[in-house]
S.K.: 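Structure incoming, see below.
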Number of protein chains: 2
Amino acid sequence: MNTEQVITMLRKNGHKVTPQRIAICEAVLSNKEHPTAEIIFKKISKQHPTISMTTVYHTLDLLKKLELVHEINFDNRVTRYDSNVSVHVNVICQKCGKISDYESEAIQSQWNRIVSAIKIKPVGQRLDAYVICEDCKG
Amino acid sequence: MNTEQVITMLRKNGHKVTPQRIAICEAVLSNKEHPTAEIIFKKISKQHPTISMTTVYHTLDLLKKLELVHEINFDNRVTRYDSNVSVHVNVICQKCGKISDYESEAIQSQWNRIVSAIKIKPVGQRLDAYVICEDCKG
DNA sequence: ATTCTAATTTGTAATGATTACAGATTACTA
DNA sequence: TAGTAATCTGTAATCATTACAAATTAGAAT
């Protein structure tokens with residue numbers, strides 16, 4: 001989903017379109033690295049020097065409610081935002097914290113089998129696999 | 001794993017065995033409801049009125065390092081502790097926050113297929129399915 | 001185009017779970 | 001039984017996030 005489509009969706013849901021929102025949406029939705037609110041804030045500060053953290057948090061909440069991003073919470077108490085809302089596996093290095101997404105038809109169908117075995121219809125999911133990545137193994 | 005076995009493991013790893021540790025281990029390992037540090041603290045306070053939150057946190061960290069519990073972090077920034085360290089699915093209600101564990105040979109093998117498809121050997125995993133539970137659907 | 005108004009933005013202050021710290025206590029060793 | 005390093009405890013600090021209120025602004029109505 002590109003920014004233009006996000007704007008349309010904002011309007012459709014009765015939300016105002018502001019320069020800050022556009023900037024935040026672009027920054028989050030184009031970033032595949034599961035950024036934190038602070039990373040988004042810093043990236044946007046270059047173009048919007050007066051932007052505040054509060055606005056970033058508000059907009060991320062909005063995107064969360066619109067189901068355009070998912071939150072991923074970690075033990076360091078910093079929330080990361082994932083613009084990949086399809087069924088996928090977050091492969092997370094225990095040492096350096098780097099996250100890689102894995103997405104495939106196979107993963108999708110295995111997960112479907114798991115949820116149907118449990119007899120539930122999830123409204124969302126989070127699949128983490130914790131590893132020590134190649135860089136950290138050395 | 002029962003408390004006696006935990007004591008043995010503590011000794012084997014060179015950690016001292018204290019009444020507080022025994023109480024905390026018993027409370028966490030016997031609780032299937034993914035308690036918070038505060039819940040553990042309150043439960044133990046009855047028998048150990050002078051216990052401190054710091055001790056609870058220290059002991060939970062120890063159990064985490066010994067791989068006897070897993071942390072589950074949520075967006076309200078409160079950490080929950082899961083004494084089920086096998087491969088299982090946390091079915092979490094989006095409204096009331098209740099967590100139910102689902103564990104089976106089938107889940108285990110489906111997950112194994114997923115990780116082998118990705119070509120990784122995880123040191124751990126977290127599988128969440130988000131639902132609206134029957135009580136909250138009403 | 002201008003006005004109006006509710007939504008949004010912003011800066012500051014509050015929150016609260018967790019961690020750091022240092023002194024008192026205690027489990028275990030010899 | 002004494003010695004010592006680990007553990008426990010209470011208090012203070014941390015810091016990501018949220019609450020709040022005043023200033024600004026997008027979009028609707030005129």
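None of these values were measured; they are calculated from a predicted model. Throughout, protein chains are lettered first and strands after them, A, B, ... in sequence-line order, and every chain is numbered starting at 1.
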S.K.: Nearest whole Å is fine: how far is D:dT7 P from B:N13 CG?
M.R.: 11 Å

S.K.: Tell me whether the OP1 or OP2 atom of D:dG10 has a side-chain N or O from B:S52 closer than 4.0 Å.
M.R.: no

S.K.: Regarding A:T59 and A:D61, do their side chains bring together a donor and an acceptor under 3.5 Å, going by distance alone?
M.R.: no

S.K.: With a 4.5 Å heavy-atom cut-off, do B:V69 and B:L29 have their side chains touching?
M.R.: yes

S.K.: Measure the distance from CG on B:L62 to P on D:dT7 and round it to the nearest whole Å.
M.R.: 8 Å

S.K.: Please report, rounded to the nearest Å, how far the C1' atom of D:dT17 is from the CD atom of A:E71.
M.R.: 11 Å

S.K.: Under a 3.5 Å cutoff, is there a donor and acceptor pairing between the side chains of A:H34 and A:D101?
M.R.: yes

S.K.: Please report the distance, rounded to the nearest Å, between CD1 in A:I7 and C1' in D:dG27.
M.R.: 14 Å

S.K.: What is the separation between atom CD1 on B:I44 and atom P on D:dT9, rounded to the nearest whole Å?
M.R.: 10 Å

S.K.: Taking atom NZ of B:K95 as the centre, report whether more than 12 heavy atoms of other residues, nucleotides or ligands fall under 6.0 Å from it.
M.R.: no

S.K.: How would you list all residue pairs meeting side-chain hydrogen bond (donor to acceptor under 3.5 Å, both in side chains) that involve residues 22-31 of chain B, not counting sequence neighbours?
M.R.: none

S.K.: So is B:R77 actually on top of A:F74's ring, under 6.0 Å and inside 45° of the axis?
M.R.: no

S.K.: With the side chain of B:R21 defined as its heavy atoms from C-beta on, choose the nearest nucleotide among C:dT10, D:dC8, C:dT8.
M.R.: D:dC8

S.K.: Find the distance A:F74:CZ to D:dT17:C1' and express it as a whole number of Å.
M.R.: 17 Å

S.K.: Between protein and nucleotides 18-28 of chain C, map the contacts as a letter string: B base, S sugar-phosphate only, - none, heavy atoms under 4.0 Å, written 5' to 3'.
M.R.: SBBB-----BS

S.K.: May I have the distance from A:I24 (atom CD1) to C:dT10 (atom P), rounded to whole angstrom?
M.R.: 8 Å

S.K.: Rounded to whole angstroms, how far apart are CG on A:L10 and C1' on C:dA7?
M.R.: 13 Å

